[in-house]
Amino acid sequence: MTSILVVDDEPSIIDLAALYLEGEGFGVRRAASGREALAQVAAERPDLVILDVMLPEMSGWEVCRALRAQDPHLPVIMVTARGDPVDRVVGLELGADDYVVKPFHGRELVARVRAVLRRAEWDASAGLDGASPKPLVLGDVTVDPAGRTVSVAGQEVRFRAREFELLWHLARHPGIAFSRGQLLEQVWGYDFLGESRTVDVHMAHVRQHLRNSRSVVIETIWSVGYKLVVNSIR
């Protein structure tokens with residue numbers, strides 16, 4: 001059974017999350033503080049963590065940072081009661097895979113959980129025509145979906161799961177401009193209800209990873225979105 005750790009100091013929030021998650025067949029564990037959450041993760045790794053920002057003793061941001069240091073691949077969904085997009089961007093910068101704003105609907109939370117778990121369980125065999133997709137070589141950048149690795153100018157560069165999927169999507173369609181909404185739908189895997197700023201944050205990370213490439217650049221198409229361009233190396 002897929003295990004979800006819900007971290008919140010409000011029992012009613014955990015009860016709501018558990019009601020919907022358990023109704024969909026997920027196992028739910030509970031933690032009322034950041035320290036308790038970290039102890040639970042260390043003792044038995046869950047499949048995903050739903051993490052409130054406003055926690056006693058340690059903030060959700062501090063917990064997220066500690067979780068990332070402890071396990072870089074553990075999926076994390078942040079929960080915030082604040083409407084300020086900056087708060088959400090901070091969580092994404094710290095490595096959260098997604099965020100939900102309170103008050104949230106239980107079905108929305110389940111959809112977010114399923115989408116994040118699908119990304120975490122990337123199946124490299126699900127390529128075109130059912131065949132394992134082959135690496136893409138774009139000048140001095142090689143993107144290998146089977147190993148989920150990226151080589152830039154001969155050096156392997158580590159991408160987080162969402163960053164890799166964003167690059168893979170763009171690399172498969174060089175020269176094609178995608179709007180933020182299209183990227184949210186096609187990469188995030190569902191009709192994203194949050195700020196399109198999410199794409200900008202992840203795109204900034206991808207660009208940083210590609211900074212040593214002499215052939216691949218991601219261009220901003222103003223009022224539209226982004227496209228990946230491959231230039232010849234001279």
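Because the structure is predicted, anything quoted here is derived from the model rather than measured.
When the shell of 6.0 Å around CZ of R107 is examined, it contains 12 or fewer heavy atoms from other residues, nucleotides or ligands.
Judged purely by atom type and a 3.5 angstrom limit, Q182 uses its side chain to pair as donor or acceptor with the backbone of S179. The backbone N or O of A37 lies less than 3.5 Å from no partner atom in the side chain of Q40, so there is not a single donor-acceptor pair. No side-chain donor-acceptor contact under 3.5 Å links R114 to the backbone of L109. A side-chain donor-acceptor contact under 3.5 Å links R112 to the backbone of Y99. Under the 3.5 Å distance criterion, the side-chain polar atoms of Q208 are left unmatched by any main-chain donor or acceptor of M203.
G25 and M1 make their closest contact through O-CG, 3.5 Å (heavy atoms, listed as atom of the first residue, atom of the second, distance). Of all the heavy atoms in A96 and M78, the pair that sits closest is CB-CG, 3.3 Å. Of all heavy-atom pairs between I14 and D8, the closest is CD1-O, 3.3 Å. Closest approach of P174 to R172, counting heavy atoms only: CD-C, 3.4 Å. When all heavy atoms of E36 and A32 are compared, the pair lying nearest together is OE1-N, 3.0 Å. A pairwise comparison of heavy atoms in H173 and H169 identifies ND1-O, 2.8 Å as the closest pair.
Note that the CG atom of D144 and the NZ atom of K134 stand 12.5 Å from one another [nearest 0.5 Å]. Note: L16 CG to F104 CZ = 5.0 Å, rounded to the nearest 0.5 Å. Taking CG from D9 and OG from S33, the interatomic distance works out to 9.0 Å, rounded to the nearest 0.5 Å. With rounding to the nearest 0.5 Å, the separation of CG in L136 from OG1 in T142 is 9.0 Å. Interatomic distance, R65 CZ to Q70 CD, rounded to the nearest 0.5 Å: 14.5 Å. Remark: L19 CG to S12 OG distance equals 12.5 Å, nearest 0.5 Å.
In this pair, F164 and W168 present their aromatic rings parallel. The plane angle is below 30°, not in the 30 to 60° band.
Annotation: side chain of L170 is in contact with side chain of F178 (closest heavy-atom distance under 4.5 Å). E165 places a side-chain heavy atom less than 4.5 Å from the side chain of R148. Between V7 and V63 the shortest side-chain heavy-atom distance does not fall below 4.5 Å. Considering only heavy atoms from C-beta on, K102 stays 4.5 Å or farther from T80 through its side chain. Side-chain contact check for D71 versus V41: every heavy-atom pair is 4.5 Å or farther apart. No side-chain heavy atom of E44 sits less than 4.5 Å from a side-chain heavy atom of L5. Two residues are said to be in side-chain contact when any heavy atoms from C-beta on lie closer than 4.5 Å; L167 and V143 meet this criterion. Residues I77 and V100 are in side-chain contact: their nearest non-hydrogen atoms beyond the backbone lie under 4.5 Å apart.
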Check the pair R214 / N231 against side chain to side chain contact (heavy atoms under 4.5 Å, CB included), numbers first and verdict last. CA-CA 8 Å; R214 293 185 294 152; N231 300 311; over 6 Å; no

Going through the checks in order, is the side chain to side chain contact (heavy atoms under 4.5 Å, CB included) test met by I50 and L21? CA-CA 11 Å; I50 298 174; L21 291 169; 3.8 Å; yes

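Hydrophobic clustering of Ile, Leu, Val, Met, Phe, Trp and Tyr side chains at less than 4.5 Å, counting indirect connections, unites I176 with L183. Under the 4.5 Å side-chain heavy-atom criterion for ILVMFWY residues, no single connected hydrophobic cluster contains both V137 and V157. A single hydrophobic cluster is not seen to contain both V141 and V217; linkage of ILVMFWY side chains at heavy-atom distances under 4.5 Å, directly or through other members, places them apart. V199 and I221 fall into different hydrophobic clusters, where Ile, Leu, Val, Met, Phe, Trp and Tyr are joined by side-chain heavy atoms under 4.5 Å apart, directly or via other members. If you chain together hydrophobic residues whose side chains sit under 4.5 Å apart, L184 and V224 never meet in one group.
The ring pair (Phe, Tyr, Trp, His ring centres under 6.0 Å) check on F159 picks up H209, with sequence neighbours excluded.
Side-chain atoms of S213 and D140 include a donor-acceptor pair closer than 3.5 Å. Side-chain atoms of R207 and T220 form a donor-acceptor pair, as typed in the model, at a separation below 3.5 Å. Remark: the E163 side chain and the H202 side chain contain no N/O donor-acceptor pair separated by less than 3.5 Å.
Just one residue in the list L48, V53, L55 forms a side chain to side chain contact (heavy atoms under 4.5 Å, CB included) with L51, and that residue is L55.
Salt-bridge annotation for D47 and R29: absent, with no side-chain N of the basic residue lying under 4.0 Å from a carboxylate O of the acidic one. Of the charged side-chain nitrogens involved, at least one lies within less than 4.0 Å of a carboxylate oxygen, so that R180 and D200 count as a salt-bridged pair.
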